[in-house]
Asker: 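Here it is: the structure, laid out below.
Numbering starts at 1 and runs along the sequence shown. Computed from a predicted structure; not experimentally measured.
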Amino acid sequence: MPLALLALAIGAFGIGTTEFVIMGVLPQVAGEFGVSIPAAGWLVSGYALGVLIGAPILTVLGTKVSRKKMLLFLMGVFIVGNALSAAAPAFGVMLIGRIVASFAHGAFFGIGSVVAASLVAPAKKASAISLMFMGLTVANIVGVPGGTYVGQVFGWRVTFGIVALLGVVGLLGVAALVPEQGEPEAANIRTEFAAFRNVQVWLAMAMTVLGYGGVFAAITYIAPMMTDVAGYSAGGVTWLLVLFGIGMFLGNLLGGKFADKALMPMLFVTLAALSGTLLLFTATAHSQVLAAITLPVIGALGFATVPPLQKWILDQASAAPTLASAANIGAFNLGNALAAWLGGVVIAAGFGYTSPNWVGALLAATALLLSFLAAFLDRRTRATAAAPATEHAEPVIAQH
């Protein structure tokens, strides 16, 4: 695999760290600015909304710029946003910094997926995409717990300062290692939006929202679930999240490897297993040992869907893949927000802290049904395309 993928993975590591580390230092941020925890939660939801909105906007604006230049610009936006958060004199300024940083998120992963796929042979595209996303999974193993520890010991501003420095490293890596590919051929707003005429693009994004959303339904409420139901201490939750991150890391690699060989069967298996495991977690969450075993499995199955879904988007929008790829990253964040809200609804309704698990199971099962539909439509399209050639061949055979 090309070294350029390492530069993309470093950028992904920084982005993954800043996305999730805020959850670990939220009490410290709320305390310093004198706001409530729910109010400070806007630093999480504001980031998610920024990804959803910023991905298509920045991707469209970058259609006339080479992908390497756009990646460099996005890393610059990321650095500015995190530096602003680190130095924020007021809560509102920090929220702005979070939103600025989030704008780089979707477009970076969207454009980065296209670049990663272009650097390797067609049979290795999903593996290349998974290597870039490896930075995001490693962030959940190292960056998030490490950033949380630094924030608790040295202050949350130091954490965001370090994240900004990670952005500098990512920027230098992209500048040095990613080849200049030139302006994408026929890149303009009209051709980029034309990709959304394909129903398969919408199906892929829906599968992303529901499939990975199923994971977030459970993980959003993992702290109260593990402390109040499984009986872990607050400190134990940190190590459980590390286990979850390790599962994400392994699932990402396996998802990329097997998606290159059998993309749709890979989605069928992982979404079915994810739905079943989330449903099982409703029971295993009552046991410390079983919960610690189940969590990394959920992480592995959830993130194993990422490379195949990104590759499916690239295949279906091959004429203009950049905007569709970035929009799918926004779909991940839409799924996160939707699942977190649904999980909160069932908890508030009195079904208990384990109830988000069966909500997640239903979401993943719905994504599985959509994957069946996508496969059926794809087979029908291929059969229709092959029909004229078959009809033309019959008379030739008859004459012979």
Side-chain angles (χ1 to χ4, degrees), residues 110-111 113-130 132-133 184-187 190-212 252 254-275 301 303-329 331-332 335 364-400:
I111 296 171
S113 294
V114 177
V115 172
S118 71
L119 295 173
V120 297
K124 295 291 185 181
K125 284 186 177 182
S127 295
I129 294 170
S130 75
M132 182 192 71
F133 276 93
E185 187 176 343
R190 181 174 297 179
T191 55
E192 289 291 340
F193 274 103
F196 292 94
R197 296 174 186 169
N198 186 349
V199 68
Q200 290 283 20
V201 172
W202 290 101
L203 282 173
M205 290 194 293
M207 285 187 279
T208 296
V209 169
L210 297 169
Y212 199 69
N252 177 58
L254 292 174
K257 179 179 179 180
F258 287 103
D260 278 326
K261 299 178 179 179
L263 192 151
M264 269 302 172
M266 178 67 187
L267 275 180
F268 296 157
V269 171
T270 53
L271 287 172
L274 177 61
S275 180
L301 292 172
F303 225 81
T305 65
V306 176
L309 283 172
Q310 279 297 106
K311 184 176 184 294
W312 187 252
I313 282 278
L314 295 179
D315 290 344
Q316 298 300 324
S318 57
T322 310
L323 180 58
S325 178
N328 198 46
I329 301 301
F332 279 103
T366 306
L368 176 61
L369 293 177
L370 291 180
S371 71
F372 290 149
L373 176 59
F376 169 76
L377 293 176
D378 184 59
R379 283 197 298 269
R380 190 174 70 175
T381 301
R382 291 175 184 273
T384 302
T390 303
E391 292 171 1
H392 179 72
E394 288 175 353
V396 176
I397 295 173
Q399 287 172 5
H400 180 75

Asker: Can you tell me how far the OG atom of Ser371 sits from the CZ atom of Phe376, to the nearest 0.5 Å?
Answerer: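 Here the interatomic distance stands at 14.0 Å.
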Asker: For the CG atom of Leu309 and the CE atom of Met205, what is their distance to the nearest 0.5 Å?
Answerer: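 Answer rounded to 0.5 Å: 11.5 Å.
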Asker: Heavy atoms only: give me the nearest Ala367-Gly211 pair and the separation to one decimal.
Answerer: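 Here Ala367 and Gly211 meet closest at CB-N, 3.6 Å.
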Asker: Which distance, rounded to the nearest 0.5 Å, do you find between the CE of Met264 and the CZ of Phe372?
Answerer: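 The distance works out to 10.5 Å.
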Asker: Does some side-chain heavy atom of Ser130 sit less than 4.5 Å from a side-chain heavy atom of Val306?
Answerer: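 No, too far: nothing below the 4.5 Å cut-off.
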Asker: Give me the atom names and distance for the closest heavy-atom approach of Pro307 to Ile129.
Answerer: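 Reported closest heavy-atom pair: CA-CG2, 4.5 Å.
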Asker: Grab the two heavy atoms, one from Thr270 and one from Ala304, that are nearest each other, plus how far apart they are.
Answerer: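 The answer is CG2-CB, 3.8 Å.
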Asker: Is the backbone of Leu271 close enough, under 3.5 Å, to the side chain of Ser275 for a donor and an acceptor to pair up by distance?
Answerer: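 Not at all, since once roles are kept as given, no pair shorter than 3.5 Å links the two residues.
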Asker: Starting at CZ of Phe303, measure out to CG of Leu274 and round the result to the nearest 0.5 Å.
Answerer: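 Rounded to the nearest 0.5 Å, the CZ-CG separation comes to 13.0 Å.
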Asker: Going from OG1 on Thr305 to CG on Leu210, what distance comes out if it is rounded to the nearest 0.5 angstrom?
Answerer: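 If I round to the nearest 0.5 Å, the distance is 11.0 Å.
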Asker: I need the minimum non-hydrogen distance between Ala374 and Trp312, along with the two atoms involved.
Answerer: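 The pair with the smallest heavy-atom distance is O-CZ2, 4.4 Å.
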Asker: If we only count heavy atoms from C-beta on, is the Ile313 to Thr208 side-chain gap below 4.5 Å?
Answerer: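 Result no, sub-4.5 Å side-chain heavy-atom pair not found.
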Asker: Which heavy atom of Leu254 sits nearest a heavy atom of Met266, and at what distance?
Answerer: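 Nearest pair, atom of Leu254 first, then Met266: O-CE, 4.0 Å.
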Asker: Measure the spacing between CG of Asp378 and CG of Leu263 and express it to the nearest 0.5 Å.
Answerer: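 These two atoms lie 9.5 Å from each other.
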